[in-house]
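Quick note: numbers below take in every heavy atom, side chains included, and nothing from hydrogens, waters or symmetry partners. So you know, we letter chains A, B, ... as the sequences are listed, proteins then strands, and number each from 1. Model, not experiment: these values are computed from the prediction.
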Number of protein chains: 2
Amino acid sequence: MTVPLEPFGKPRGERADAARNRERLLEAARAMIAEQGTRHVTMDALAERAGLGKGTVFRRFGSRAGIFQALLDDDERRFQERVLSGPPPLGPGADPAQRLDAYGCARIPFLLEHHAIARAAVDRTLPVPAGAASMTQPHIRMLLGQAGLPPAHLDGLAVQLTAALEGPLLLYLSVEEVPEPPAPEAPHLLVEGWRFLIGRLLAG
Amino acid sequence: MTVPLEPFGKPRGERADAARNRERLLEAARAMIAEQGTRHVTMDALAERAGLGKGTVFRRFGSRAGIFQALLDDDERRFQERVLSGPPPLGPGADPAQRLDAYGCARIPFLLEHHAIARAAVDRTLPVPAGAASMTQPHIRMLLGQAGLPPAHLDGLAVQLTAALEGPLLLYLSVEEVPEPPAPEAPHLLVEGWRFLIGRLLAG
DNA sequence: AACAAAAGCGGGGTGAAGTCCGCTTATGCT
DNA sequence: AGCATAAGCGGACTTCACCCCGCTTTTGTT
């Protein structure tokens with residue numbers, strides 16, 4: 001499951017001023033996103049708004065994407081918690097097929113809810129599973145193995161199913177093409193697709 | 001299948017000098033890629049190497065990604081040809097399950113062979129299936145429909161399977177992580193994964 | 001051949017990400 | 001408290017994609 005020890009810009013013995021500035025920057029980022037959307041969060045504007053230098057922003061977060069990863073981090077960690085030790089079928093206890101199904105049913109709404117920030121958090125110069133978001137692939141791989149799929153296919157399938165699950169929301173669909181489901185409880189198209197896919201994959 | 005009529009920078013009544021310059025630019029781009037890789041193909045360097053102004057590069061190709069799309073265009077068109085009117089199982093004639101299987105078996109090597117350029121051709125400000133590469137999703141959708149999958153799932157599954165097929169090579173794996181298969185005829189991990197996935201999906 | 005209109009050209013300008021390095025400040029030790 | 005040192009800071013600088021718009025060349029017309 002590979003929890004990154006140092007999510008982003010949170011070194012172990014962080015100096016007090018550094019911690020304060022990190023909070024200030026995240027706060028400023030949240031405000032700017034709420035007011036104008038992620039597109040207008042530029043490094044210069046963010047630094048100015050937080051009353052800090054641009055160098056500081058990069059020192060804390062490494063890149064533009066890093067800011068959004070940090071913003072996502074808390075929620076991502078909570079999600080991971082639910083998967084690792086929450087109640088079944090998402091958490092351990094249910095059989096692998098159910099857990100895989102449940103994972104998609106939880107993950108897609110999670111990404112929908114955070115889609116603006118999640119999209120901004122992908123670092124376009126790195127392979128996608130950057131930051132804390134990288135839980136998906138190993139988890140899927142593990143469940144596929146437990147479900148008894150042939151070991152020779154596990155690596156390929158894990159990559160492909162990760163792409164099938166997260167790719168559409170992170171990369172393949174533009175922001176306008178991500179409509180919330182009309183009725184709040186109506187299942188999303190992608191959720192239904194995922195359930196169908198997983199159902200068939202693990203049926204044999 | 002939606003063949004884009006005007007692939008990139010190839011207007012119908014193109015002036016003679018424009019056509020010549022387009023060729024020059026593509027030629028320079030090929031040379032630069034061969035010498036130094038896609039990363040060093042900057043708009044300034046490309047313009048200078050071709051002996052033209054930077055404005056011209058943008059007029060011809062619209063964006064950096066456009067250059068790589070144009071480079072891919074011929075091969076992409078040939079691939080499309082094979083799918084639309086080549087021999088089965090890739091072309092029409094075989095049953096949908098076979099065609100879907102064959103599509104992945106052909107598409108993955110195609111992307112592997114072109115991966116450097118294909119990656120550079122994705123426009124990171126647009127939803128991914130930009131340019132001529134957008135054939136995949138509608139084709140998959142059509143075949144899924146012909147295979148008798150429930151219409152309610154077609155849209156979701158088509159997006160997800162497209163992501164499963166192309167996402168890993170275009171987006172999810174870094175360049176270093178895309179090793180050619182050790183033995184030239186050994187099937188790639190992703191090909192095997194795809195065949196397995198499609199086999200299960202259409203088995204029921 | 002001369003002309004008008006359209007198409008194309010070029011390169012300076014802009015905005016944004018990311019780097020660098022000398023200066024400042026917190027921290028832990030004595 | 002005073003000091004040495006490492007951590008942090010800031011903002012000028014570089015690089016790059018992309019825009020803009022006045023000038024030049026081609027082309028179709030007469």
In whole Å, what is the span from the [atom1] atom of [X] to the [atom2] atom of [N]?
X: Glu48(B); N: dT15(D); atom1: CD; atom2: C1'; result: 15 Å
X: Phe61(B); N: dA17(D); atom1: CZ; atom2: P; result: 15 Å
X: Arg20(B); N: dA7(C); atom1: CZ; atom2: C1'; result: 14 Å
X: Asp17(A); N: dA7(D); atom1: CG; atom2: C1'; result: 8 Å
X: Lys54(B); N: dG12(C); atom1: NZ; atom2: C1'; result: 8 Å
X: Met32(B); N: dC16(D); atom1: CE; atom2: C1'; result: 13 Å
X: Arg60(A); N: dA7(D); atom1: CZ; atom2: C1'; result: 9 Å
X: Glu14(B); N: dT27(D); atom1: CD; atom2: C1'; result: 14 Å

Nearest-nucleotide pick for Thr56(B), side chain only, options being dG10(C), dG11(D), dA7(D):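 Selected nucleotide (nearest to the side chain): dG10(C).
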Residue whose nearest DNA chain D nucleotide is more 5′ - Thr42(B) or Gly53(A): Gly53(A)
Within 6.0 Å of CD in Glu48(A), more than 12 heavy atoms from elsewhere: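 No, because the 6.0 Å sphere around CD of Glu48(A) holds 12 heavy atoms or fewer from other groups.
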Arg195(B) atom CZ: more than 12 heavy-atom contacts under 6.0 Å: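 Not more than 12 within 6.0 Å, no.
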Sugar-phosphate only, base, or nothing, as touched by Arg64(A) at under 4.0 Å among non-hydrogen atoms: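 Sugar-phosphate contact only - Arg64(A) comes under 4.0 Å of backbone atoms but never of a base.
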Sugar-phosphate only, base, or nothing, as touched by Ala47(A) at under 4.0 Å among non-hydrogen atoms: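 No contact.
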Sub-4.5 Å side-chain heavy-atom contact between Leu202(B) and Pro96(B):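 No. Closest side-chain heavy atoms not under 4.5 Å.
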Arg107(B) vs Phe79(B) side-chain heavy atoms within contact, under 4.5 Å: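 With C-beta onward as the side chain, the pair touches.
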Side-chain-base donor-acceptor pair under 3.5 Å for Arg15(B) and dT27(D): no
Worked verdict on Asp44(B) versus Thr42(B) for side-chain hydrogen bond (donor to acceptor under 3.5 Å, both in side chains): CA-CA 5 Å; Asp44(B) 290 297; Thr42(B) 70; 5.1 Å; no
Side-chain N,O (Asn21(A)) to OP1/OP2 (dC9(D)) below 4.0 Å: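 Yes, such a contact exists.
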Closest-nucleotide 5' rank along DNA chain C - winner of Gly55(A) and Met43(A):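 Mapping each residue to its closest nucleotide by heavy atoms, the 5'-most match is Met43(A).
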